[in-house]
Amino acid sequence: MAHTCIHWFRKGLRLHDNPALLAALRDCKVLYPLFIVDPDCTYGGNNRKRFLLGALKDLDCSLRKLNSRLFVVTGKPEEVFPKLFKEWNVTKLTYEYDTEPYSLNRDSKVTALAKEHGVEVFYKVSHTLYDMDRIIEENNGKTPLTYKSFQGIVKRLGPPKKPIPAPVLGDMKDVKTPCSEKHDEKYGIPTLEDVGVDDTSLSEELFPGGEQEALRRLDEHMSRTGWVCNFEKPQTSPNSLSPSTTVLSPYVAFGCLSARTFWWRLSDVYRGKKHSDPPVSLHGQLLWREFFYTASVGIPNFNKMVGNHVCTQVDWDTNAEYLAAWREARTGFPFIDAIMTQLRREGWIHHLARHAVACFLTRGDLWISWEEGQKVFEDYLLDHDWALNAGNWQWLSASTFFHQFYRVYSPVAFGKKTDKRGDYIKKYLPVLKKFPEQYIYEPWKAPLSVQRAAGCIVGQDYPRPIVEHEVISKTNIQRMKQAYAKSSQNKSESPIKKTASSESPVKNKGVKRKMTSIADMLVKKKSKGEVS
DNA sequence: CTAGATGTTGCAAGA
DNA sequence: CTCTTGCAACATCTA
């Protein structure tokens, strides 16, 4: 059977370990590699858009080497596809499975349209190490809520699948991509300007998008054998002047780098050597990703507090002033403001730096909902990932997964552990550059003479702290205590209404797997047996 | 059922 | 400088 096939790139912006693409090549004579610029997707802020366009350019470049091209079309997928199905006489559509609610909904619509047009749909799980549904199934339909239990499940499932190689010219000998003279005009990759980005507002591109860049960086890191084997996440620094971790996360988030490729390359490095283990190792980091992905599939309303059964309900304040000060790096706490500056400028901050600012925004100081922080990170983080962002915000706000709310990060003390001199602060907040070490984390404590000598008066040139951390963090711990007390009271008074099972609803806080989604019902049947 | 250990990454003070 | 301890104190898992 020789199909005319569209391979739809969404995430998974790569040729290596792309089983749906390879499946398309196996039985088609005509291939259209497609990316749709979907107006319903924001693609985040300017840095994320630049990364995406870079990844698309790289993809097009790699496809050219296979005598093919990338077709970029703007519009809602459910409007784009019917036109393309007809225009190109399409008989098959392939894509990588995506578990985000928006994607599931979109894909179910597109699948229905494909059916109407007699187009066969085929997809594969390759964004994650495992099929999330399989993990939940292995756990008797319950979503694991601790890393330990998750590890146990994964151990029973065995190591993830090995990645498959990228297609080579030989795979293309019976496949053509019809390209007109006007390809660039009609289907070219949009410019930054096209997607509404003023490129003069962007700073230096530290992490260029694309599969080639991803694989180059992977090679670079994997050659540091000792470093990889000894890697322990909590020992890495949130405020080093250059990243203390791999920063491969943006590449994994966009699918420029396959998680399975990353996993097995790590296994190669580990082989025969003593090495660190999950949760702190690099393998452990990939498993954290799987953990949050699984939770995002199993827990309804995962990116919200209300309607999220595992999330502690907290009476967060609405405070536009505080939120803006946090987002715009003017809280008056240099460590917090430096981190937020790095985030906005460069699109990446260290995991522990995320902890510091997330705790500060929510349970630690400002008492603002983690959902607000989630939105800001969605805009700024190059490695933004729906499931990980929601999961980590719940963790840091001590709403879900993590419960030791009395452990509060200090916006002053935490950074000192790894950067006593405040070099990181001085890099991102040059206005404080001349402050002596003694006051760099709390410039408001410096005598006026010292402030004058540093050429920076607190209250004029740099903001005064918006809260008194020592006081407010103690108040907030009490507020958290109340929220916890209230939520455990609610749980014992009104047990969750799915009492069909014999388990106690209090103990069995882990949600039962939600009903099979519409997308599953429509799509999943087709590739049963292909997926796991 | 209870008691104790554990949980990727807290802080401050003191030995 | 590294390690321990008290601080106030959560849910979850295991014995």
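Side chains are part of it too, since the values below use all heavy atoms of this structure and drop only hydrogens, waters and symmetry mates.
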For A:Phe405 and C:dC7, what is the distance between atoms CZ and P respectively, to the nearest whole Å?
17 Å
Per-nt protein contacts along nucleotides 8-14 of chain B (heavy atom under 4.0 Å; B base, S backbone sugar-phosphate only, - none) come out as BBBSS--
Which residues within residues 339-348 of chain A lie with some heavy atom under 4.0 Å of an atom in DNA chain B?
none
Please confirm whether the ring centroid of A:Trp444 lies under 6.0 Å from the ring centroid of A:Phe333.
yes
Side-chain contact test, heavy atoms from C-beta onward, threshold under 4.5 Å: evaluate it for A:Thr99 versus A:Trp386 and give yes or no.
no
Counting the benzene-type ring for Trp, do A:Trp326 and A:Tyr322 have ring centres under 6.0 Å apart?
no
Partner lookup for C:dT5, please. Criteria are Watson-Crick or G-U wobble with both distances under 3.5 angstrom; report none if nothing qualifies.
B:dA12
Would a line drawn from the ring center of A:Tyr130 to the ring center of A:Tyr293 be shorter than 6.0 Å?
no
Looking only at atom P, what distance separates C:dA9 and C:dC13, rounded to whole Å?
23 Å
Just the rounded figure in Å: distance from P of C:dA11 to CZ of A:Arg363.
14 Å
Checking side-chain polar atoms at under 3.5 Å, does A:Thr236 have a donor or acceptor matched by the opposite partner on A:His350?
yes
Any chance the rings of A:Phe262 and A:Tyr251 have centres within less than 6.0 Å?
no
For A:Gln478, which contact category applies under a 4.0 Å heavy-atom criterion: base, sugar-phosphate, or nothing?
sugar-phosphate
